[in-house]
**Student:** 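Could you have a look at this structure, given as structure tokens, before my questions?
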There are 2 protein chains.
Amino acid sequence: MTRRPAPHLLSRKDLERFFARDIDRHIPHLILDCAVFGFHNSDLKVLLIKWKGMNIWSMPGGYVRKTEPLDAAANRILQVHTGLRNVHLRQFHTFSGLNTSQRPVKQFYAKLGIRVPADAWPLKRLVAVGYYALVDFLRVRPSADYMADTCAWYGVDDRPRLAFDHEEILQSAREALRATLDVPSAGATLLPSRFTMPELQRLHEAILGRQLDRRNFQKKMLDRGDIERLAERRRGGAHRAPFLYRFRSGRAGDPL
Amino acid sequence: MTRRPAPHLLSRKDLERFFARDIDRHIPHLILDCAVFGFHNSDLKVLLIKWKGMNIWSMPGGYVRKTEPLDAAANRILQVHTGLRNVHLRQFHTFSGLNTSQRPVKQFYAKLGIRVPADAWPLKRLVAVGYYALVDFLRVRPSADYMADTCAWYGVDDRPRLAFDHEEILQSAREALRATLDVPSAGATLLPSRFTMPELQRLHEAILGRQLDRRNFQKKMLDRGDIERLAERRRGGAHRAPFLYRFRSGRAGDPL
DNA sequence: CCAAAAGTGTTGCAATTACACCCATGC
DNA sequence: GCATGGGTGTAATTGCAACACTTTTGG
């Protein structure tokens, strides 16, 4: 994961131009929604956005350009809100978007004073391609664009209720994440490059939603052979200083 | 799975009406493609369609109506080509559809003498939602509509080369199928309601692509507790007559 | 009666789970 | 010095893989 200044946060002018012209450069009735997971203080976090001036919370999302691959769109959308590039992303499901017809999107744009044609497709049914992203919590700079009051981390089990079908999408994303936990990449991208064994264990526990045995966990991780112990230990905490580890293979998405 | 007369095979008139009017009732730039799997003579089969008058093979697909859930669209598309309703269906991935811009779709409609506007979205990029279906081979009546010369079963490893991104989609469908083989539903829907243990085993072997041990397989299946042995045996074959089994729970999609 | 497929049970290995003791550190 | 968390090894269990003999059937 590389942090760069977010290249282009949506401004009011962008938004006006979108409905005036840019809308035709996008695939109509298609949206890409992204559950961004981070890990901090033993808790699994998710990045949420509050819509400007409304009591609506959702996960980051965006439209797909007509010549843009889905994965590229996911990366672009993610970069806007996190400042990160080449994040670990995975498509997990596509949602019909039919229970979302009552979305107060029209009122939202009216409140902002943006002219939107009554039959514009962003006001209608949106088929949503769901992605989840695993990011290093500390490297993310949550960025709210013109449409948002706030963009911030919340505990996945301690957060505002999400609008539209985003409760379902988040639920589904967590299940997909759980299913792919056996691959090393999950830990590799959710943790800083150097981490302790208890940290890695609490991450797994947060994703799986149950406690694990300390000794068995350590054995399993080390037997897998993809992490290595460093000479250094983590100082400063109370109690015995734990060893630091790092993933052996180049971490996916790290800068070259 | 219920067999009914296919309610509506696409006719020439339907096709003309689609481009004249019905196209606006569908979600633009979105297609739903379906890998239909069957099992026969120890072989995993897939249902393929040859485009009328062209050397193009693909899996069944279709467009999604504006008020139609994705699962419903998949069921509808499937019913057209197989005559089956309430088939075991599973969405597995959504494809960008960008490598398919060179599709000879324009020539196809020209050959058929159907007027299609040059900028109509079915000629452009199509994001494809991929489903796979598991069906009882013997109950399927493959039906070719007006756009197709033939609709027929082929061995998944002994078939024409597929056009567009359908090779990738089929590949991906097989992997998704393999991953969900541990759930009983796979066997339950690919086999007739009564089957023998060797039949079930050969099905699993076909999906997994490797041989399994006869004794361990039988133990595992019976321990799972979802199939039961019937008093009857399958007669007529050479050699010792094998027992018949059936799935315990009501098979998904069976008529009430 | 014989070839070929179907039915059954046991044994060994590997992976997972359970569990107890010692060590280091900050207060 | 003591409470708290971190580091390590061993025994028990469970699940999976390997394996051989008997039974049935048609020809």
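Residue numbers begin at 1 in each chain, while the letters A, B, ... track the order of the sequences. This is a predicted model, so every value here is computed, not measured.
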**Student:** Below 4.0 angstrom, which residues in residues 226-241 of chain A have at least one non-hydrogen atom near DNA chain D?
**Tutor:** A:R229, A:H239, A:R240
**Student:** Applying salt bridge (charged side-chain N to carboxylate O under 4.0 Å, His left out), which residue pairs with at least one partner in residues 186-200 of chain A are found, sequence neighbours left out?
**Tutor:** A:R194-A:E232, A:E199-A:R234
**Student:** Kindly write out the residues that satisfy salt bridge (charged side-chain N to carboxylate O under 4.0 Å, His left out) with A:R174, not counting sequence neighbours, or none if the list is empty.
**Tutor:** A:D157
**Student:** Could you go through the side-chain contact (heavy atoms from CB on, under 4.5 Å) check for A:D165 and A:S96 one step at a time?
**Tutor:** CA-CA 9 Å; A:D165 48 358; A:S96 286; over 6 Å; no
**Student:** Could you pull out all residues at least two apart from B:D71 that satisfy salt bridge (charged side-chain N to carboxylate O under 4.0 Å, His left out)?
**Tutor:** none
**Student:** Please enumerate all residues that pass ring pair (Phe, Tyr, Trp, His ring centres under 6.0 Å) together with B:W51, with sequence neighbours excluded.
**Tutor:** B:F108, B:F164
**Student:** Salt bridge (charged side-chain N to carboxylate O under 4.0 Å, His left out) with A:R178: which residues, sequence neighbours excluded?
**Tutor:** none
**Student:** As a test of understanding, state which of A:D33, A:L30, A:V64, A:I31 forms a side chain to side chain contact (heavy atoms under 4.5 Å, CB included) with A:V129.
**Tutor:** A:L30
**Student:** With axes from five pairs an end, tell me the bend angle of the helix from C:dC1-D:dG27 to C:dC27-D:dG1, nearest 10°.
**Tutor:** 10°
**Student:** Is there a donor-acceptor contact under 3.5 Å linking the side chains of A:Q171 and A:E167?
**Tutor:** no
**Student:** May I have all residue pairs that pass ring pair (Phe, Tyr, Trp, His ring centres under 6.0 Å) and include part of residues 188-234 of chain B, sequence neighbours excluded?
**Tutor:** B:F195-B:F247, B:H204-B:F217
**Student:** Just to verify, what does A:R224 make a salt bridge (charged side-chain N to carboxylate O under 4.0 Å, His left out) with, not counting sequence neighbours?
**Tutor:** A:D226
**Student:** Any side chain to side chain donor-acceptor pair (under 3.5 Å) pairs touching residues 35-46 of chain B, not counting sequence neighbours?
**Tutor:** none
**Student:** How would nucleotides 10-18 of chain C be written as a contact map, 5' to 3', with B for base contact, S for sugar-phosphate-only contact and - for no contact, using protein heavy atoms under 4.0 Å?
**Tutor:** B------BB
**Student:** So among B:L208, B:I207, B:V156, which one has a side chain to side chain contact (heavy atoms under 4.5 Å, CB included) with B:L177?
**Tutor:** B:I207
**Student:** Apply side-chain contact (heavy atoms from CB on, under 4.5 Å) to residues A:L200 and A:Y245 and explain how you reach the verdict.
**Tutor:** CA-CA 9 Å; A:L200 182 61; A:Y245 295 81; over 6 Å; no
**Student:** Whole angstroms only, please: what is the CD-C1' distance between B:Q201 and C:dA6?
**Tutor:** 11 Å
**Student:** Starting at CD of B:Q211 and ending at P of C:dA5, how long is that distance when rounded to a whole Å?
**Tutor:** 13 Å
**Student:** First and last nucleotide of DNA chain D in contact with chain B, 5' to 3', at under 4.0 Å to a heavy atom: what are they?
**Tutor:** D:dA17 to D:dG26
**Student:** Starting at atom CG of B:L222, determine the distance to atom P of C:dA6, rounded to an integer number of angstrom.
**Tutor:** 15 Å
